[in-house]
Amino acid sequence: ENNTAMGIGMNYVEPECPLTFGHENQGGAGGLSGAVYFDGMDTASEPFTICGSVFRNNRCNELGGALFRTPNVETRTMVIDRSVFEANTAKAGSVSFIKQNNLTVRESLFVGNRDLRNVAGQPVSGWAGGLWINEGTLSLVNSTFYDNSPGGVTLEGSGSVRNATFVDSPLDSDLSAYNSIFRNVSCGSTTGADNVQFPTSGTCPADTLHSDPKLGSLAANGGPTSTMMPASDSPALGQGNGCPATDQRGVARSATGCDAGAVER
């Protein structure tokens, strides 16, 4: 919580710069990742895993408000499990800059993260929002994105979403979406099935149900993270098919006609 990367300029090739930190021709003065920065430091045999962690109110002037991850080798595997990313800020990638990784995200919460800001909270020009995966894939399951601006997920690669809830958190990505809820955002893709969206906007799979999912406020509904519980008369109830065995809280889902979104009613 409350960590800051004050540098600017990231790092880049600058001809004729002296030898610095074991590298020639390095320019820039950092500003990457407000909290945790992993450059290299990996193995090919095991996924790089972050589990049961909270990243809150971390800030940087450049990329990756909470988390920066690049293996500097061929593509690796990464997992974010039962974790919370809240109120982190960056010029781009307020949650993360994750490069060359096949990423799985499950049972996690992303709330109130903001891009296009410096460490003082002033607006700056930038690009890419929220959970940013640069050169990789994403498998997103049983997770909630609430009030992330200007984006919730930016994926430069391919990916899928299953039983997730997106509220006021746009997707700058082409993700196949299944059994998910999209409120005030586009589904981001025409592939997938059994989703609920309200109001109608952007691109969504053809069978998407366009109806108010009647979500409750973000609250402690059990489990390791806060969630948004659908009302007892929500059209999301029973909308899903082929859902995971449990929801974001770890509560068992219905074997048939499970609920769309991150939480089983």
Side-chain angles (χ1 to χ4, degrees), residues 75 78 80 92-96 98-110 113 115 127-215 227-228 230 234-244 247-248 253-254 256-265:
T75 299
M78 183 173 176
I80 295 174
S94 56
V95 170
S96 68
I98 298 172
K99 187 176 182 68
Q100 292 177 305
N101 271 266
N102 296 323
L103 173 65
T104 296
V105 177
R106 57 193 183 218
E107 286 82 56
S108 293
L109 171 66
F110 303 81
N113 300 290
D115 289 284
W127 66 98
L131 178 68
W132 179 12
I133 301 95
N134 174 263
E135 297 181 30
T137 64
L138 173 64
S139 175
L140 177 66
V141 183
N142 280 338
S143 294
T144 297
F145 288 74
Y146 173 65
D147 186 31
N148 299 283
S149 177
V153 175
T154 298
L155 172 63
E156 296 173 73
S158 60
S160 65
V161 172
R162 187 172 294 273
N163 288 92
T165 297
F166 288 86
V167 177
D168 300 319
S169 301
L171 286 75
D172 183 14
S173 312
D174 187 10
L175 292 162
S176 297
Y178 300 88
N179 311 329
S180 294
I181 293 174
F182 301 88
R183 195 178 78 187
N184 297 331
V185 293
S186 169
C187 306
S189 175
T190 58
T191 59
D194 304 312
N195 301 291
V196 178
Q197 186 204 33
F198 183 81
T200 304
S201 67
T203 56
C204 284
D207 71 344
T208 298
L209 175 63
H210 299 288
S211 182
D212 186 352
K214 299 182 180 179
L215 295 174
T227 53
M228 304 181 77
S234 168
L237 272 57
Q239 172 72 5
N241 286 286
C243 295
D247 70 359
Q248 184 172 334
R253 289 188 180 273
S254 174
T256 59
C258 48
D259 298 343
V263 183
E264 190 81 359
R265 174 74 190 185

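In what follows, every heavy atom counts, from backbone to side chain, and hydrogens, waters and symmetry copies are set aside. Just so it is clear, the structure is predicted and the values come from calculations on it, not from any experiment.
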| query | Yes or no on side-chain contact (heavy atoms from CB on, under 4.5 Å) for Gln239 and Ile181, after CA distance, side-chain angles and deciding distance? | reply | CA-CA 10 Å; Gln239 172 72 5; Ile181 293 174; over 6 Å; no
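- In terms of heavy atoms, Pro244 sits closest to Val141 at CG-CG1, 3.6 Å.
- Sorted pairs that involve residues 189-208 and meet ring pair (Phe, Tyr, Trp, His ring centres under 6.0 Å), not counting sequence neighbours, are lacking altogether.
- The two residues Pro170 and Pro150 make their nearest non-hydrogen contact at CG-O, 3.5 Å.
- With hydrogens and angles disregarded, no donor-acceptor distance shorter than 3.5 Å links the side chain of Asn113 to the backbone of Asn148.
- With Ser173 contributing its side chain and Leu155 its backbone, the two residues share a donor-acceptor pair below 3.5 Å.
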| Given Asn102 and Thr75, is the side-chain contact (heavy atoms from CB on, under 4.5 Å) satisfied, shown in steps? | CA-CA 7 Å; Asn102 296 323; Thr75 299; 3.7 Å; yes
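- Put simply, the side chain of Ser169 never gets that close to the backbone of Gly151: no donor and acceptor are under 3.5 Å apart.
- A donor-acceptor pair under 3.5 Å is absent between the side-chain atoms of Asn163 and the main chain of Cys243, judged by distance alone.
- Put simply, CG on Leu171 and CZ on Phe182 are 6.0 Å apart, with the number rounded to the nearest 0.5 Å.
- Summarising the geometry, atom CG belonging to Asp247 is positioned 12.0 Å from atom CZ belonging to Arg265; distances are rounded to the nearest 0.5 Å.
- Between the CD1 atom in Ile133 and the CD atom in Gln100 there is a gap of 13.5 Å [rounded to 0.5 Å].
- The CG atom of Asp147 lies 6.0 Å from the CG atom of Asp168; values are rounded to the nearest 0.5 Å.
- Taking all atoms of both residues into account, the shortest heavy-atom contact from Ser189 to Asp174 is OG-OD1, 3.0 Å.
- Side-chain atoms of Val105 and Leu138, non-hydrogen and from C-beta on, do get closer than 4.5 Å to each other.
- Between the side chain of Glu264 and the backbone N or O of Asp259 there is at least one donor-acceptor pair closer than 3.5 Å.
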| query | Passes side-chain contact (heavy atoms from CB on, under 4.5 Å), Asn142 versus Arg106? Steps please. | reply | CA-CA 6 Å; Asn142 280 338; Arg106 57 193 183 218; 5.6 Å; no
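- Using modelled atom types and a 3.5 Å distance limit, the side chains of Ser176 and Ser160 yield no donor-acceptor pair.
- Just one of Thr165, Leu131, Val167 meets the side-chain contact (heavy atoms from CB on, under 4.5 Å) condition when paired with Phe145; it is Leu131.
- To the nearest 0.5 Å, the span separating CE on Met78 from CG on Leu103 amounts to 6.0 Å.
- Inter-residue side-chain proximity for Pro230 and Leu215 is flagged as met; some heavy-atom pair is nearer than 4.5 Å.
- In this structure, Gln197 and His210 have side chains that are in contact, with non-hydrogen atoms separated by less than 4.5 Å.
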| task | Before giving the answer on side-chain contact (heavy atoms from CB on, under 4.5 Å), spell out for Phe166 and Val161 the whole-Å C-alpha distance, their side-chain angles and the decisive distance to 0.1 Å. | result | CA-CA 10 Å; Phe166 288 86; Val161 172; 3.9 Å; yes
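- Proximity of Ser108 to Ser143: side-chain heavy atoms (C-beta onward) are separated by under 4.5 Å at one or more points.
- Heavy-atom minimum distance, Arg162 versus Asn241: NH1-O, 3.8 Å.
- Counting all heavy atoms, side chain and backbone alike, Gly130 lies closest to Asp115 at N-OD2, 2.7 Å.
- Side chains of Arg253 and Asn179: no donor on one and acceptor on the other come within 3.5 Å.
- Shown here for Asp207 and Gly192, the closest heavy-atom pair between the two residues is OD1-O, 4.3 Å.
- The main-chain N or O of Cys187 is never found under 3.5 Å from a side-chain atom of Asn195 such that the two would form a donor-acceptor pair.
- Rounding to the nearest 0.5 Å gives a distance of 4.5 Å between CD1 of Ile80 and CD1 of Ile98.
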